[in-house]
Amino acid sequence: MGMGMRRYFGTDGVRGRVGEEPIMPEFVMRLGYAAGVSLVKRHELPAGEHPAVLIGKDPRISGYMLEAALEAGFSAAGVNVMLAGPIPTPAVAYLTRALRLQAGVVISASHNPFYDNGIKFFSAGGLKLPDAVEAEIEARLMDGMGCVEAVCLGRARRIDDAAGRYIEFCKSTFPNEFDLRGLKIAVDCAHGAAYHIAPKVFHELGAEVIPVGVAPDGFNINDGVGATHPGHLRRAVLEHAADMGIALDGDGDRLLMIDRQGEIFDGDKLLYVIAAARKERERNTETVGGVVGTLMSNLGLEHAIARLGLPFARAKVGDRYVLELLHEKGWRIGGENSGHIICLDCHTTGDAIISALQVLAALRAHDQTLAQACADLVFYPQRLINVRVNPGFDWQGDAGISAARARAGARLGDGGRVLLRPSGTEPLLRVMVEGRDEALVESLAREIAAAVETAAG
């Protein structure tokens, strides 16, 4: 069952360009059928009861086609389908758990352009599917499509109150003793899945909301808006003299915030604000545990977390790895500088709206601005150089690269770090150097990059 089985499932489900394998209606119908058969097998239900799944999507034009294909596949396997329409990825995780369903399915390509789409699954507990189940679905895909007899087919129905239920869930993570009255907040939904949800959450908690990126037309998701293009929200914040801005990505799991001066606060900074507030609220370090970042988290964050008296651990880049490490250590908060922030004391998965509420609660508790809350967090200069290499290039075995790395490490001491990592998608080796002195960081990064170029020939 080795890695060869994972032909379709990447780190975040199945994703690709619409109209090319595997994002084609025929394949997606087979995927629904294969997943459905696995679910029927895994869940022993009382006689006559069908397993049930929830399907949510973002507003991409291809969502209609893929939703219909999945629905047909599940029905053919004898699985009932609940259609939630456009809702954020974390809303699917929540509703799957709240409605006691056997699985949740998200049709989304997150922060990618509209012509991409993808499918990912959540387990009954609102977590990503275990690898073994993904492998089983992959294996079953090879068997082709079947169909149960008519008396055993699954039914489909729409859930009318999916958005409303999720709005209430988000609000429940904000402390009762605070509200957002007197705050003017610009909320950029990236013309994505949270367009009819995020503005309501902040408005119902008392804020004056300026909705941005809330007119999806099937094609404009993430197009110059949202967390991946914060300039758009920055202009809105300054133009409306808002107190702050909140930017989500197309499927509602990534977050960036902007203060009234237009300064952008990335995942590292927001994670620090949440960690500091949790530490203070709990008094008892045991319950907070520690904080998980990634290999890309700024060293300044690691040092600031240490000053809070909390341990810090780095996962590989990717929110599923952050989640895995949190579960492994029994900790509750972690995140990536890209804005995926996970608060396991609130939800089973990364959630931009809920993370924003945790930041706002921290600011409310001390009547602070974002800049004040981040005063103790000093970022170190980082220099990232991408070097083209041949596929399969053995950078780890090269003496010249190792020597350059060791020299840089010795010069930086514990006030810096060197990271080399291959790109997951292109034939590149990423060279990253970080330290207190910008000029030194720059020259060491160039030196290592030169060594890589020489070795790569």
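Not measured: the values here are computed from a predicted model.
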_Closest heavy-atom pair and its distance - A304, Y272_ = CB-CE1, 3.6 Å
_I'd like to check P199 versus V214 (side-chain heavy atoms, cut-off strictly below 4.5 Å). Are they in contact?_
yes
*Without swapping roles, check the side chain of R30 against the backbone of M145 for a donor-acceptor pair under 3.5 Å.*
no
*Look at the side chain of T173 and the backbone N and O of I354, then say whether any donor-acceptor pair between them is shorter than 3.5 Å.*
no
*Salt bridge present between R320 and D131 (N-O < 4.0 angstrom)*: yes
*Return the minimal non-hydrogen interatomic distance between A93 and T348, and the atom names on each side.*
CB-OG1, 4.1 Å
*asked:* Filter on ring-ring contact (aromatic ring centres under 6.0 Å, His included), then keep only pairs touching residues 324-353, sequence neighbours left out; what's left?
replied: F169-H347
*Can you tell me how far NZ of K269 sits from CG of L301, rounded to the nearest 0.5 angstrom?*
11.0 Å
*Got a sec, which residues hit salt bridge (charged side-chain N to carboxylate O under 4.0 Å, His left out) with K128, two or more places apart in sequence or on another chain?*
D12, D319
*Look up atom CD1 in I119 and atom CD1 in I23, then write down how far apart they are to the nearest 0.5 Å.*
5.0 Å
*Indicate yes or no for a side-chain donor-acceptor contact from R234 to the backbone of I264 under 3.5 Å, with no hydrogens or angles considered.*
no
*List the steps, then state whether side-chain contact (heavy atoms from CB on, under 4.5 Å) holds for R278 with Q358.*
CA-CA 9 Å; R278 286 289 192 279; Q358 305 319 295; 3.2 Å; yes
*asked:* Looking at Y321, is its backbone amide N or carbonyl O close enough to the side chain of K316 to form a donor-acceptor pair, meaning the two atoms are under 3.5 Å apart?
replied: no
*asked:* R314: which residues meet the side-chain hydrogen bond (donor to acceptor under 3.5 Å, both in side chains) condition with it, sequence neighbours left out?
replied: E302
*asked:* Show, in sequence, the C-alpha distance, side-chain angles and deciding distance for F312 and V291, and conclude whether the side-chain contact (heavy atoms from CB on, under 4.5 Å) test is met.
replied: CA-CA 5 Å; F312 182 81; V291 178; 4.2 Å; yes
*asked:* If the condition is side-chain hydrogen bond (donor to acceptor under 3.5 Å, both in side chains), which residues does E434 pass it with, not counting sequence neighbours?
replied: N298, Q382, R417
*Side-chain touch V273/F265, heavy atoms, less than 4.5 angstrom*: no
Contacts under 3.5 angstrom, residues 53-63 side chains, donor-acceptor by atom type, not counting sequence neighbours:
| unit_1 | atom_1 | unit_2 | atom_2 | d |
| --- | --- | --- | --- | --- |
| K57 | NZ | E67 | OE1 | 3.4 |
| D58 | OD1 | R60 | N | 3.1 |
| D58 | OD1 | R60 | NE | 3.2 |
| D58 | OD2 | R60 | NE | 2.7 |
| D58 | OD2 | R60 | NH2 | 3.3 |
| D58 | OD2 | S108 | OG | 2.7 |
| R60 | NH1 | N112 | O | 3.2 |
| R60 | NH1 | P113 | O | 2.7 |
| R60 | NH1 | D116 | O | 3.1 |
| R60 | NH2 | S110 | O | 3.0 |
| R60 | NH2 | N112 | O | 3.4 |
| S62 | OG | N117 | ND2 | 2.7 |

*Please indicate whether H203 has more than 12 foreign heavy atoms, meaning atoms of other residues, nucleotides or ligands, lying under 6.0 Å from its NE2.*
no
_I need the F202 CZ to I210 CD1 distance, nearest 0.5 Å._
13.0 Å
*Please list, chain by chain and in numerical order, all residues satisfying ring-ring contact (aromatic ring centres under 6.0 Å, His included) with F27, sequence neighbours excluded.*
Y8
*asked:* So does D266 get a backbone contact from the side chain of N337, meaning a donor-acceptor N/O pair under 3.5 Å?
replied: no
*Would you please name every residue forming a salt bridge (charged side-chain N to carboxylate O under 4.0 Å, His left out) with D179, sequence neighbours left out?*
R181
*Would one find more than 12 heavy atoms of other residues, nucleotides or ligands at under 6.0 Å from atom CG of N176?*
no
*Search all heavy atoms of L153 against all heavy atoms of H50 and return the closest pair with its distance.*
O-CE1, 3.3 Å
_So, using ring-ring contact (aromatic ring centres under 6.0 Å, His included) as the criterion, who are the partners of F114 when residues are at least two apart?_
F219
*Mind running side-chain contact (heavy atoms from CB on, under 4.5 Å) on V389 and W395 for me, showing each step along the way?*
CA-CA 9 Å; V389 293; W395 56 277; over 6 Å; no
*How long is the gap from NZ on K171 to CD1 on I353, to the nearest 0.5 Å?*
12.0 Å
*With sequence neighbours left out, what residues match R383 under salt bridge (charged side-chain N to carboxylate O under 4.0 Å, His left out)?*
E442
*Considering only heavy atoms from C-beta outward, does the side chain of I246 approach that of L360 to under 4.5 Å?*
yes
Would you mind writing out the side-chain donor-acceptor pairs for residues 75-91 within the sub-3.5 Å range, not counting sequence neighbours?
| unit_1 | atom_1 | unit_2 | atom_2 | d |
| --- | --- | --- | --- | --- |
| S75 | OG | G154 | O | 2.9 |
| N80 | OD1 | R155 | N | 2.7 |
| T89 | OG1 | D251 | OD2 | 2.6 |

*asked:* Quick check against the 3.5 Å criterion: does E208 have a side-chain atom that pairs as donor or acceptor with the backbone of A242?
replied: no
*Residue pair D351 / Y94, side-chain heavy-atom distance below 4.5 Å*: no
*Going by heavy atoms in the side chains, are V28 and I107 under 4.5 Å from each other?*
no
*Taking the side chain as every heavy atom from C-beta outward, state whether M296 and R430 have any atom pair closer than 4.5 Å.*
no
*Between L39 and F74, is any pair of side-chain heavy atoms under 4.5 Å apart?*
yes
*asked:* Could you work out, with side-chain hydrogen bond (donor to acceptor under 3.5 Å, both in side chains) as the rule, every residue matching R42, not counting sequence neighbours?
replied: E136
*If the plane angle is over 60° it's perpendicular, under 30° parallel, otherwise tilted; pick one for F121 and F9.*
tilted
*Would a distance-only check, ignoring hydrogens and angles, find a side-chain to backbone donor-acceptor pair under 3.5 Å from D188 to G226?*
yes
*Take V359 and I274, measure what side-chain contact (heavy atoms from CB on, under 4.5 Å) needs, and give me the verdict at the end.*
CA-CA 6 Å; V359 173; I274 294 171; 3.8 Å; yes
*Looking only at non-hydrogen atoms, find the nearest pair between A124 and L101 and report the distance.*
CB-O, 3.3 Å
*With sequence neighbours left out, what residues match Y380 under side-chain hydrogen bond (donor to acceptor under 3.5 Å, both in side chains)?*
H303, R436
*asked:* Please give me the minimum heavy-atom distance between V431 and A445, naming the atom from each residue.
replied: CG1-O, 4.0 Å
*asked:* Please report the interatomic distance OG1(T349) to CG(L323), rounded to the nearest 0.5 Å.
replied: 6.0 Å
*Rounded to the nearest 0.5 Å, how far does CG of D160 lie from CZ of R165?*
10.5 Å
*Taking all non-hydrogen atoms of both residues, which atom of T294 and which atom of E336 are closest, and how far apart?*
CG2-CG, 3.6 Å
*Decide yes or no for E204 and E168: does some side-chain heavy atom of the first lie under 4.5 Å from some side-chain heavy atom of the second?*
yes
